[in-house]
Every structure is written in structure tokens, then in C-alpha cells.
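First the proteins, then the strands, lettered A, B, ... as listed; each starts at 1. Bear in mind that the values here come from a model prediction, so they are computed numbers and not experimental data. Side-chain atoms are counted along with the backbone in the values below, which use heavy atoms only and exclude waters and symmetry mates.
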Protein chains: 2
Amino acid sequence: MDERDIRLLKAIADLGTGSPERLHEETDIPVSTIHYRLNNLKEAGVIENDLYDVDLEAFGLGVTVIVEVLADYAGPYEEVGEKLLAVEGVTQAHFTMGETDFVVIARLTDSDMVERLIRDFETIDEVERTNSTYVIATMRDTHNALQSYSLETLVEELADE
Amino acid sequence: MDERDIRLLKAIADLGTGSPERLHEETDIPVSTIHYRLNNLKEAGVIENDLYDVDLEAFGLGVTVIVEVLADYAGPYEEVGEKLLAVEGVTQAHFTMGETDFVVIARLTDSDMVERLIRDFETIDEVERTNSTYVIATMRDTHNALQSYSLETLVEELADE
DNA sequence: CGTGAAAGCCCGCGATT
DNA sequence: AATCGCGGGCTTTCACG
């Protein structure tokens with residue numbers, strides 16, 4: 001992966017599309033070269049998949065909750081994690097170190113559903129305690145960390161390897 | 001938005017792609033109708049954008065941190081939020097109610113960069129205190145809350161409107 | 001909402017450096 | 001091994017039933 005790949009990925013992050021033509025306009029790299037590069041990146045697993053960003057508000061999923069979960073488990077943490085993931089509405093689950101064991105983020109319709117979510121969590125054997133925080137407004141929610149990085153920083157990081 | 005749209009969006013969430021042909025295989029809805037529907041959904045803002053999922057590990061962005069930010073501000077919260085978003089590596093920022101004011105999630109390269117992140121936060125005038133939690137493993141991180149919902153639930157939600 | 005044909009884009013091939 | 005032009009083929013669009 002060289003500077004040209006970075007420029008490509010940055011363009012993808014900024015434009016929010018993988019369209020070769022759009023990328024060509026943005027980067028001035030010839031269309032067929034973009035193909036060549038993109039294929040390599042896919043092969044290497046750098047680009048996982050193409051997907052759609054669905055607006056959850058449209059489904060009435062307007063409520064976001066962040067739940068800290070304290071668990072007591074003997075086996076591997078993955079087992080507990082799987083049970084958390086199975087609860088309806090969970091969009092993120094992070095296994096963490098520190099005061100709490102898991103940080104879970106869920107998207108729900110209303111406070112009734114929040115109640116059900118918490119109840120579902122508490123029902124899990126290994127779960128000891130939960131601590132919920134309501135989200136009033138989400139200012140950013142993107143997988144594209146690249147968007148927040150400057151091209152220079154990314155190239156620099158690359159050089160360190 | 002009717003039941004057919006829901007089926008379409010559910011298929012998108014499940015397959016992880018917006019490819020009309022794949023969607024046709026899954027739903028048996030004619031290809032051109034899928035185009036028609038998808039266009040409407042885009043117009044309505046239900047589908048925000050099509051994008052690529054970039055593997056952040058490939059950039060050495062292997063460290064995830066969750067930071068709770070306590071702030072003291074006179075003006076609107078957006079002002080503080082903007083300052084938080086400007087810090088390099090921030091992928092999510094939620095304005096919350098409860099013990100803390102913001103929950104921020106960032107993707108970074110190493111602990112040096114975590115230090116810098118915290119320092120950047122603390123430098124912001126309105127920020128009073130921060131509390132960081134390291135993520136050991138992320139078990140799920142998807143915008144696709146739809147994946148975790150059953151088709152029945154979604155249609156039911158729709159009917160309530 | 002479905003059909004068909006025309007337009008435009010994607011992407012692999014192969015020649016070039 | 002990377003780059004780039006070309007052209008077949010598929011995807012998408014659009015006017016109509």
C-alpha cells in the first residue's frame with residue numbers, strides 16, 4: 001500500500017462512494033488503474049465490502065442508548081458478547097477494560113423498547129449490572145475514521161511501517 | 001414506504017450490498033422495480049449513501065477508545081461538539097444526558113496517539129474532565145441496526161405510524 | 001408497477017513502460 | 001509489477017403500456 005492507495009481510500013472516505021469514475025474525477029488516476037488498485041485492496045482485505053447506509057430514523061428508530069454492562073463470567077468473554085449481540089436493536093458491542101466490561105450501543109423506537117432492552121440484558125446470566133445513558137443527539141457516527149484524518153497523517157503512518 | 005420497501009431494506013441489511021441483481025435474487029422483485037424503489041428511497045433520504053467499508057486495521061488504526069467528556073458550557077452544545085469532532089481520529093460523538101455530557105469514540109494507532117487525543121480534548125475550554133475506556137475487542141460495529149431486527153418487527157413499527 | 005430498448009458505466013484484457 | 005486505452009457486457013435509465 002503506497003501513497004496512491006491512500007489517496008484513493010481517502011477519496012472513497014470523502015466522497016462516500018467507490019465509483020471508479022467519481023474517483024477518477026477526484027484523483028486524476030486513470031479509471032483502469034483505479035480498478036487495478038481497488039482489486040488489490042479488496043484482495044488484501046483492506047476494503048471489506050460495499051454497503052448502504054440506511055437512515056434508521058425512517059424506521060422510527062430514533063432513540064439511541066449507550067449501555068455499560070458489568071458481567072461476571074467464567075468462560076471466554078465472547079460467549080457473553082454473543083448473548084448481548086442477540087438482543088434486538090444492538091448496533092455496537094465493545095469489550096472493554098476498566099470499570100465496565102462491555103459498552104453496548106443500541107437503536108430503538110421508544111422508551112418502552114429501552115426498558116425491554118435493559119430487561120433482556122439483565123436476564124442474561126452473566127450480566128451483573130447495567131448502566132444506561134440516553135443519547136440526546138448524535139453529532140457524528142461513521143465508520144470512516146479516515147474522514148477525520150488528513151492525507152498527510154495517513155501517509156506518515158504508512159511510512160512508519 | 002410499504003412492506004415491499006421494508007423487505008428491500010432488510011435484504012440490503014442482510015446481504016450487506018445494494019446490488020440490484022443480488023436484491024432481485026433475494027426478494028424476487030423485478031430488477032427495474034428495485035431501481036425504481038431504491039431511487040425513491042434515496043430521494044426520501046431513507047438511504048443516505050452507498051459507501052465502502054474500509055478496514056481501519058490496515059492503516060494501523062487498531063486502537064479504539066471510548067471517552068466520556070464532562071463539559072461546562074454557556075452556549076449551545078453543538079459548539080462544544082464541533083470542537084470535539086475536530087480532533088483527529090474521532091469516529092463517533094454523542095451528546096448525552098446523565099452523568100456525562102458527551103460520549104466520544106475514536107480510532108487511533110497507538111497509546112501515544114491516545115495521549116494526544118486526551119490532551120486535545122482537555123485543551124478545549126469547555127471541557128472539564130474526561131474519562132477514557134480502552135476497547136479490547138469490538139464484537140459488532142454496524143450502522144445496520146436493521147440486521148438485528150426481524151422483518152415482522154419492522155413492518156409492525158411501520159404500521160404504527 | 002412492469003417492460004423493453006438505448007445509453008452509459010464497469011471492468012477485464014493486453015500492450016507498454 | 002504497475003499503468004493505461006480499448007471494447008464487450010452488464011447495469012441503469014427512461015418512455016411507454
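In this model, no side-chain donor or acceptor of B:Ser32 finds a partner on the base of C:dG2 within 3.5 Å.
Ring geometry, B:Tyr77 versus B:Phe102: the interplanar angle falls from 30° to 60°, so the pair is classed tilted.
Phosphate contact (OP1/OP2 of D:dT3, side-chain N/O of A:Arg4, threshold under 4.0 Å): present.
The NE2-P distance, from A:His35 to D:dA1, rounds to 21 Å in whole Å.
In this structure, A:Tyr36 reaches the bases: a heavy-atom distance under 4.0 Å links it to at least one base atom across the strands shown. Among the heavy atoms of the strands, none lies under 4.0 Å from A:Arg22.
In summary, B:Lys10 and B:Asp5 do not engage in a salt bridge, as defined by a charged side-chain N under 4.0 Å from a carboxylate O. Remark: B:Glu68 does not engage B:Arg129 in a salt bridge, criterion side-chain N to carboxylate O under 4.0 Å.
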(request) Output, in order, the C-alpha distance, side-chain angles, deciding distance and verdict of side-chain hydrogen bond (donor to acceptor under 3.5 Å, both in side chains) for A:Thr130 and A:Glu122. (result) CA-CA 7 Å; A:Thr130 64; A:Glu122 301 274 9; 3.0 Å; yes
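Counting only Watson-Crick or G-U wobble pairs whose defining distances are both under 3.5 Å, the stems of 3 or more consecutive pairs in DNA chain C are C:2-17 with D:1-16.
Under the 3.5 Å distance criterion, with hydrogens and angles disregarded, no donor-acceptor pair is assigned to the side chains of B:Glu26 and B:His24.
Hydrophobic clustering of Ile, Leu, Val, Met, Phe, Trp and Tyr side chains at less than 4.5 Å, counting indirect connections, unites A:Tyr134 with A:Val67.
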